[in-house]
Amino acid sequence: MSHRDTPLTLLGDLTPAEFMAEYWQQKPLLIRGAMPDFLCPIEADELAGLACEEGVEARLVEENGPDGPWQVSHGPFDEATFERLPERDWTLLVQAVDHYVPSVAALLDEFDFVPRWRLDDIMISYAPPGGSVGPHVDQYDVFLLQAAGQRRWQLGGETPEDAPIIDGIDLKILETFEVEADSDWVLEPGDMLYLPPGWAHHGVSETDECMTISVGFRAPSADEAVTSYADYLGEQLPSSLRYSDAAMTPADAPGEIDDDALARMRQLIIDTLDNPAQLSQWFGRVMTQPKYVDQLIPFDPPLDEASLAQKLEQTPLHPAPGSRFAWRRDGDTTTLFADGEGYACSAELAQRLCNSRLIHADLLEDFPDAKALLTHLVNAGSLNFPLDDEAD
Ligand code: SIN
Ligand code: CO
């Protein structure tokens, strides 16, 4: 658990409260020695191996590709791909490495001062000298942790979303990139650069085996939020709730849409949308949607509560890789959100489940409502028994 007023080496001795007030979503921060004596939690070979697996999102960016400049190819790759690559100027990027490698997922504990539901994933890049994805802008907050080798980072300042990009390639590379004053650094392992959304940046590998870990946070766009909330509400509204105009003024010009008509429609929309209980139910669900829906494996055949309890006596449960949990208290009711579903439960149980890496049988004694909830979560695939146990 983070302590908001404790200075953190990770943040260059700022407290999380100071970092949030001065930097988060506002300006970049370079932190030398953010993780002192940092040891990369994944080998280059293991990263390349992941990029060859079905279902893992991986990209290869070649500045001088066989088919043209700034060529992007998508995984899964094979050994032949890696063998044909030149000695420099390419980058391998693998998304959601935290879903596959527990020692990478463990890094997330360091970032507990940001709500976990803001997390997108941990992406890891590997590059020989000269490897980069070109100068660009991301819409996400990111902590760029240098994991191995050295990378030179240059920042180009705040940049509008519609800044001109190079035509005819699959990457969004800025047409012009001017390095700002005092924004040019070579990062060593354990150094970290925080970037808010909308800040132009360019990172180029300076060494063999340059690995950079991007801890990325997402925020829903207004366009996604409006569409998704309207859909969620829409599914629950009775078709009898409609535009209505009892006692209206008779129409003078029957083709006209008058102010009163618009005001009635506006009020209907406002009254429907402005529903705090529904907003909270929708938000919890949408922010815990898994990044890759197919990654959740429902327990098959579904367990009943008695078998769940029996199994839990023998082996603890853990959150499924890539699963997302959050909770919300609304007055006397608390909802646990897991992977896009909502479950009513006690606030204490919801917190325990969000904070636990392992769930033992004692939870069933501590919380009378735990048995039913754990059964749902296991059957939905949000909680897993260890793999070797599932096989029997
Ligand atoms: C990289 O790790 O090569 C690129 C990360 C980024 O610029 O977002
Ligand atoms: Co970027």
Side-chain angles (χ1 to χ4, degrees), residues 25 27-31 34-35 38 40-42 44 47-48 50-51 56-63 65 70-75 85 88-98 104 107 111 119-161 163 165-166 169-175 177 179-180 183-219:
Q25 297 242 301
K27 57 186 184 199
L29 177 64
L30 171 71
I31 306 135
M35 297 205 189
F38 184 73
C40 187
I42 180 169
L47 191 72
L50 276 177
V56 173
E57 193 183 337
R59 281 168 299 156
L60 185 61
V61 175
E62 294 170 79
E63 194 164 339
W70 294 112
Q71 189 181 322
V72 183
S73 6
H74 296 267
L85 286 169
R88 50 174 303 131
D89 303 338
W90 55 267
T91 299
L92 171 72
L93 304 138
V94 184
Q95 295 293 148
V97 183
D98 53 312
V104 170
L107 284 174
F111 299 89
L119 176 75
D120 181 26
D121 70 349
I122 295 188
M123 179 189 85
I124 304 188
S125 69
Y126 171 93
S132 98
V133 297
H136 65 278
V137 184
D138 297 314
Q139 290 311 314
Y140 287 6
D141 301 85
V142 65
F143 292 91
L144 297 154
L145 171 64
Q146 191 56 27
Q150 296 173 339
R151 181 179 291 274
R152 178 176 186 183
W153 282 106
Q154 297 178 310
L155 305 187
E158 254 175 307
T159 304
E161 204 183 347
I165 52 171
I166 300 179
I169 55 174
D170 284 344
L171 277 177
K172 288 190 172 172
I173 299 184
L174 291 168
E175 226 168 59
F177 177 74
V179 185
E180 291 214 308
S183 302
D184 188 340
W185 311 284
V186 175
L187 271 68
E188 306 278 344
D191 291 349
M192 189 167 80
L193 176 62
Y194 162 73
L195 283 185
W199 217 281
H201 55 287
H202 187 26
V204 184
S205 163
E206 295 255 303
T207 54
D208 288 333
E209 305 234 332
C210 167
M211 288 170 79
T212 304
I213 296 180
S214 294
V215 182
F217 292 87
R218 73 222 154 104

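Every number for a ligand or one of its atoms is a count from 1 in the order of the listing. Remember, predicted model here, so these are calculated numbers, not experimental data.
For ligand 1, the polar-atom distance check finds an N/O of His201 within less than 3.5 Å of one of the ligand's N/O atoms.
No donor-acceptor distance shorter than 3.5 angstrom exists from the side chain of Asp120 to the backbone of Arg218, with no hydrogens or angles considered. Side-chain N or O atoms of Ser214 include none that pairs as donor or acceptor with a backbone N or O of Thr212 at under 3.5 Å. The backbone N or O of Ala127 sits nowhere less than 3.5 Å from a side-chain atom of Thr91 that would complete a donor-acceptor pair.
Sorted by first and then second residue, the pairs that involve residues 123-135 and meet side chain to side chain donor-acceptor pair (under 3.5 Å), not counting sequence neighbours, are Ser125-Arg151.
Protein N/O/S atoms closer than 2.8 Å to the Co ion (ligand 2), listed by chain and residue number, are His136 NE2, Asp138 OD2, His201 NE2.
Counting only heavy atoms from C-beta outward, the side chains of His136 and His201 approach each other to under 4.5 Å. Residues Ile213 and Val97 fail the side-chain proximity criterion, which asks for heavy atoms closer than 4.5 Å. Taking the side chain as every heavy atom from C-beta outward, Phe38 and Leu145 approach each other to under 4.5 Å.
Near His136, with a cut-off below 4.0 Å to any heavy atom, the atoms of ligand 1 are 6 (C), 7 (O), 8 (O). Of all the atoms in ligand 1, the ones that sit under 4.0 Å from a non-hydrogen atom of Arg151 are 3 (O). Close approach of ligand 1 to Ser125 (heavy-atom distance below 4.0 Å) involves ligand atoms 1 (C), 2 (O), 3 (O).
Only the side chain of Asp138 comes within 4.0 Å of ligand 1, judged by heavy-atom distances. The proximity of Trp153 to ligand 1, defined as any non-hydrogen pair under 4.0 Å, is limited to the side chain.
Within a 6.0 Å radius of CD in Glu161, no more than 12 heavy atoms belonging to other residues, nucleotides or ligands are found.
Protein heavy atom closest to atom 4 (C) of ligand 1, with residue, atom name and distance, is Val133 CG2, 4.1 Å.
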Handout entry: side-chain hydrogen bond (donor to acceptor under 3.5 Å, both in side chains) between Asp121 and Gln95, worked out
Key = CA-CA 7 Å; Asp121 70 349; Gln95 295 293 148; 2.7 Å; yes

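Heavy atoms of His202 come nearer than 4.0 angstrom to ligand 1 in no pair at all.
Aromatic rings of Phe143 and Tyr194 (six-membered ring for Trp) have centroids within the 6.0 Å cut-off, being under it.
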